[in-house]
Amino acid sequence: MSRKKDRPQKAGSSEKSSLTRRDFLKGAGVTVSGSMLVGSTIASAASPGPEAGFVGPGPVPVTLRVNGKVHKLNLEPRVTLLDALRDRLNITGSKKVCDRATCGACTVMMDRKPVYACTVLAIEAEGHNITTIEGLAADGKLTPVMEAFVKHDAQQCGFCTPGFVMACTAYLERDHNPTEEEISKNLGGNICRCGTYRGVRHAVLEAAGMKGGANGNM
Amino acid sequence: MATCKYDWPAAGHRELIGKSIERIDGPEKSSGRAKYTYDTNPPGRLIAKTCSCPYAHAKITSLDTSAAQKLPGVKAVLVVHPVGDEIQWAGDEVVVVAATTEEIAEDAVRLIKVEYEQLPHLVREEDLKKAEAAGRTKEGGESTTGDPAKAFADPDSVLSEGFYGLPVITHCCLESHGSVTMWTDPKTLKTWVSTQNVSGGPGQFGQGLRFKKVDVEDNNIETICQYIGGGFGSKFSPDRWGIEAAMLSKMAGGAPVRLMLDRNIEMEMAGARPSAYAKVRVAAKKDGTLTAWDSDSWGTGGPGPAGHPPLPYVIEPPNRHWKHTAVLTNIGEARAWRAPNHPQACLITMGALDDLADKLQMDPIEFLKKNVNLAPPILRRAYSEELVKAAEMADWKKNWHPRGDKTPGHIKRGVGVSLHTWGGRGHNSNCNIIIRPDGSATVQLGSQDLGTGTRTVIAITVAETLGLPVDAIKVEIGDSKFPYDGASGGSTTVGGVSNSTRRGAVDALDELFAAVAPSLGVQPADLEAWNGKIQVKGDASKSLTWKQACAKLGVKTIQTLGKNPGPCHLGDSGVGGVQIADVSVDTETGQVKINRIIAAQDCGLIIDMKTAESQVYGALIMGVCYSLFEQKVMDETLGVMLNPNMEFYKLATIGDIGEFVVHMMTGPGYDERGVIGLGEPPVISPGAAIANAVTNAIGVRVPTLPLTPDKVLAALEKGEKA
Ligand code: FES
Ligand code: FES
């Protein structure tokens with residue numbers, strides 16, 4: 001799938017760079033420092049692929065398969081997967097927090113691999129199986145990871161929790177036998193402001209079938 | 001034995017209170033079903049964006065929104081600051097736009113042309129002289145007790161002088177600030193708002209709107225907040241942008257408008273914890289008895305004064321003098337940040353006392369024990385016990401050493417101690433307790449659960465009183481249509497809601513007893529609710545199940561109103577707490593690693609041990625964040641925040657936090673005080689405990705937080721210890 005994000009005024013421009021972050025434009029309009037910082041992020045994060053073609057800038061048909069269900073949408077190519085899920089499909093489990101690949105609150109799975117939905121364009125997600133947190137507990141029953149989060153109180157305000165549950169679920173699918181150190185490494189891409197990390201550690205160990213121990217001190 | 005009607009059950013008669021019980025909304029949160037303000041998508045919902053000022057201080061000289069107005073999809077454009085207005089901080093919204101999609105709203109914002117005349121600004125305050133020269137300071141108070149000059153002059157005393165400080169930090173709530181607001185008819189406003197003050201919403205929106213000449217009655221305003229993604233003191237009102245959302249909605253024919261601040265704007269202007277810097281002198285007798293304190297402190301909380309740190313903190317020598325200066329800066333307004341002014345006062349005081357203990361060649365814990373009688377009388381016992389308990393858990397005797405870890409190698413280990421206090425008396429609270437003939441029990445109040453476990457505490461209190469399991473209680477909060485409950489700030493919620501619901505539930509039970517007593521052939525006063533039954537006291541064979549008992553109501557429903565404040569001693573104010581940090585510092589890289597933090601904390605009678613402990617763990621982790629990483633970095637040349645995002649505004653991640661040992665003080669001496677709040681106290685000490693531990697490890701003090709590698713290395717270079 002080709003990628004192109006730009007504002008409508010630049011339609012048809014032949015510039016080479018294929019920006020992946022809507023924030024580049026957003027940030028540039030707001031503060032000088034904002035645009036500098038975002039600019040540097042982009043420079044390291046996105047190199048234009050030679051195959052990059054162009055769609056848009058107007059709405060284009062996009063088909064998304066989310067939690068096994070097919071949704072047909074008409075979206076501008078710059079719309080992120082996160083915004084498509086939350087604002088168009090009202091699937092709001094994944095949260096928008098930093099909107100630039102720092103906090104993990106928007107984590108979903110694409111073909112069972114965790115991705116930051118704020119950093120994937122909806123059009124890039126076409127043809128992939130998207131799983132959101134709603135798709136994990138589709139029958140209303142909590143998954144073992146969710147149960148472990150409840151048991152070890154790995155949540156306070158809960159705003160980071162769906163992202164953490166997704167990241168933990170994906171991680172435990174890759175690694176069934178994690179050590180505390182590996183947990184720290186592999187869940188370092190999710191931020192919690194309320195300070196639930198201790199509970200998360202115990203929850204991951206518990207969900208992996210190991211003894212996290214509610215009263216154990218790690 | 002209960003002596004007053006509403007008293008908490010005695011220790012042997014508590015089925016639920018004090019146990020470790022899972023939060024009742026845990027499954028909703030961990031499954032992603034919990035709906036936050038940001039998740040609210042009523043049909044036809046528009047999205048609003050702000051056109052924000054890029055300068056710290058500027059005057060608007062021209063403004064043209066015509067192109068934005070014409071963009072297809074734009075439904076409303078509201079000028080917040082007209083030409084001529086002066087802007088006091090970068091990020092302030094000049095125009096807000098509502099459109100059918102976020103993309104269109106962003107495009108519209110780009111089409112708005114604003115010209116500014118830049119005015120002189122001040123955004124940094126570390127250099128007090130510079131601020132004074134710029135005329136940007138204001139007296140922040142001064143007070144003298146005893147005779148400090150004489151005490152300092154005493155030739156027999158030991159003196160210590162030092163400089164301590166911590167910068168402005170932000171709240172960075174993961175759910176940004178804002179609302180989804182709509183007019184369901186031209187007179188009726190409905191708003192989902194990310195707020196710590198659900199019951200206050202109608203009054204706040206009404207006042208804000210009438211000020212803007214929008215006619216509305218508070219009666220016709222409903223505010224809703226079922227779940228909130230963090231507040232920490234920054235979300236007590238709908239803010240200007242809440243009022244703006246309501247106005248945009250009005251302009252768009254009542255359509256729901258979502259106005260959530262973008263992250264960069266949230267960090268620039270939606271909350272700053274005031275900084276504090278202080279030059280301190282402190283003196284003690286040779287035996288360690290504190291005699292005198294003198295501090296000259298300053299800090300900024302944005303364009304207006306923001307209070308002052310209460311110095312000296314907790315331990316008050318008989319002779320003392322403090323003076324505070326407010327620096328007025330263009331950085332966005334200060335907001336309460338969990339335990340306002342206490343972490344600042346704590347770092348400054350506990351740092352200074354730690355330095356004095358070193359001068360005295362005393363173990364800092366012995367030094368604090370020696371001076372604990374200078375703390376408020378109500379806290380002395382708690383501190384004495386907590387110092388012993390924390391020292392024991394930290395293996396202090398083994399791990400403490402005089403300053404500078406003398407073991408070979410570049411990893412130096414140290415421990416540091418701090419203590420803190422907070423009030424935490426329960427706020428005004430009203431609740432409905434409803435018992436229906438089918439046995440259902442509901443409690444309603446206009447409170448909010450910030451993630452502290454408010455729902456759970458309410459359920460436990462009512463369940464305990466009615467003799468039912470926790471899941472038999474339906475808890476309805478988060479809506480202003482329920483009875484008025486105070487804002488959640490200053491650790492006042494748990495006291496407020498537990499006390500009002502206890503009183504309401506006791507009264508409701510009395511009514512049930514009256515309905516049931518005849519069929520058991522006893523007086524209502526002979527009955528008790530226990531274990532799902534209404535039974536005769538001392539004769540459990542005479543009983544009805546809860547359902548049978550409620551059926552005796554016929555078609556009548558019991559509804560009582562519980563209030564706080566009210567009769568009987570159910571809560572109190574004033575808690576202590578002691579924390580010890582154990583750290584390792586790499587003297588080659590300057591990196592600080594948290595090994596462990598130990599906390600001994602009291603808060604009266606604990607309703608739910610699990611969520612209480614979570615409050616402490618969370619506070620310790622937040623403490624690690626502001627001790628090691630957080631700072632609102634302002635650029636004096638540009639006047640803007642250089643890190644208004646989450647990759648450069650650093651928060652700890654799961655690998656940065658170390659281990660925690662938490663001990664809640666309970667039992668005699670604590671339980672009978674009743675319920676006292678816990679949200680603020682444990683977040684106060686980590687900065688001081690960690691800073692003192694780093695000093696103990698490397699032998700020199702890093703004067704200001706955050707304790708970043710560059711500052712650690714600079715302190716080492718200057719002091720050459722370790
Ligand atoms: S919102 Fe996507 S990583 Fe933060
Ligand atoms: S639980 Fe509040 S941000 Fe993690």
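If you measure heavy-atom distances from B/Ile47 to chain A, the contacts under 4.5 Å come from the side chain alone. Residue contact with chain A, scored on non-hydrogen atoms closer than 4.5 Å, involves the side chain of B/Phe232 exclusively. Looking at B/Cys51, there are no atoms closer than 4.5 Å to chain A (heavy atoms on both sides), in backbone or side chain. Using a 4.5 Å cut-off between heavy atoms, B/Arg45 touches chain A through its side chain atoms alone. For a residue to count as touching a neighbouring chain, one of its non-hydrogen atoms must lie under 4.5 Å from one of that chain's; by this rule B/Tyr38 touches chain A with backbone and side chain alike. Heavy atoms of A/Thr92 lying under 4.5 Å from chain B belong to its backbone as well as its side chain. At a 4.5 Å heavy-atom cutoff, the contact between B/Leu450 and chain A is made by backbone atoms alone. Using a 4.5 Å cut-off between heavy atoms, B/Ser176 makes no contact with chain A at all. Neither the backbone nor the side chain of B/Thr40 comes within contact range of chain A, judged by heavy atoms closer than 4.5 Å. With a 4.5 angstrom heavy-atom cutoff, A/Ile191 touches chain B via backbone and side-chain atoms both.
Side chains of B/Thr456 and B/Asp608: a donor-acceptor N/O pair is absent below 3.5 angstrom, by distance only. Side-chain contact, A/Thr132 with A/Glu134: a donor N or O sits under 3.5 Å from an acceptor N or O.
Residues A/Arg88 and A/Asp83 are not paired through a salt bridge, judged by the lack of any N-O separation under 4.0 Å between the basic side chain and the carboxylate. With respect to B/Glu103 and A/Arg78, no salt bridge is recorded, no charged nitrogen being found less than 4.0 Å from a carboxylate O. Taking 4.0 Å as the cut-off between side-chain N and carboxylate O, B/Glu102 and B/Arg258 count as a salt-bridged pair. Comment: A/Arg100 engages B/Glu647 in a salt bridge, judged by a side-chain N to carboxylate O separation of less than 4.0 angstrom. Residues B/Asp25 and B/Arg455 are paired through a salt bridge, judged by an N-O separation under 4.0 Å between the basic side chain and the carboxylate. Taking the charged nitrogens against the carboxylate oxygens, A/Arg193 and B/Glu630 do have a contact shorter than 4.0 Å, which makes a salt bridge.
Evaluation of the side-chain hydrogen bond (donor to acceptor under 3.5 Å, both in side chains) rule for B/Glu28 yields B/Arg33 as partners, not counting sequence neighbours.
Per-residue heavy-atom pair counts under 4.5 Å with chain A were compared for B/Gln615, B/Arg596, B/His171, B/Glu266, and the maximum is reached by B/His171. Among B/Ile654, B/Thr653, B/Ile621, the residue with the largest count of heavy-atom pairs under 4.5 Å with chain A is B/Ile654. Taking chain B as the reference chain and counting heavy-atom pairs below 4.5 Å, the highest number among A/Gly93, A/Gly158, A/Ala148 is found for A/Gly158. Of the listed residues (B/Arg263, B/Met622, B/Arg23), the greatest number of heavy-atom pairs within a distance under 4.5 Å of chain A belongs to B/Arg23. For chain B, the option among A/Gly188, A/Cys160, A/Gly189 with the highest count of heavy-atom pairs below 4.5 Å is A/Gly188. Top candidate by heavy-atom pairs under 4.5 Å with chain A, chosen from B/Gly32, B/Ser31, B/Cys172, B/Cys173, is B/Ser31. Here B/Pro27 is the residue among B/Pro27, B/Ala34, B/Gly230 with the most heavy-atom pairs under 4.5 Å with chain A. Of the listed residues (A/Val200, A/Thr196, A/Val165, A/Leu142), the one with the most heavy-atom contacts under 4.5 Å to chain B is A/Leu142.
Residue B/Lys35 places its NZ atom among more than 12 non-hydrogen atoms of other residues, nucleotides or ligands, all under 6.0 Å distant.
Using a 30° and 60° split on the angle between ring planes, A/His152 and A/His202 fall in the parallel class, below 30°.
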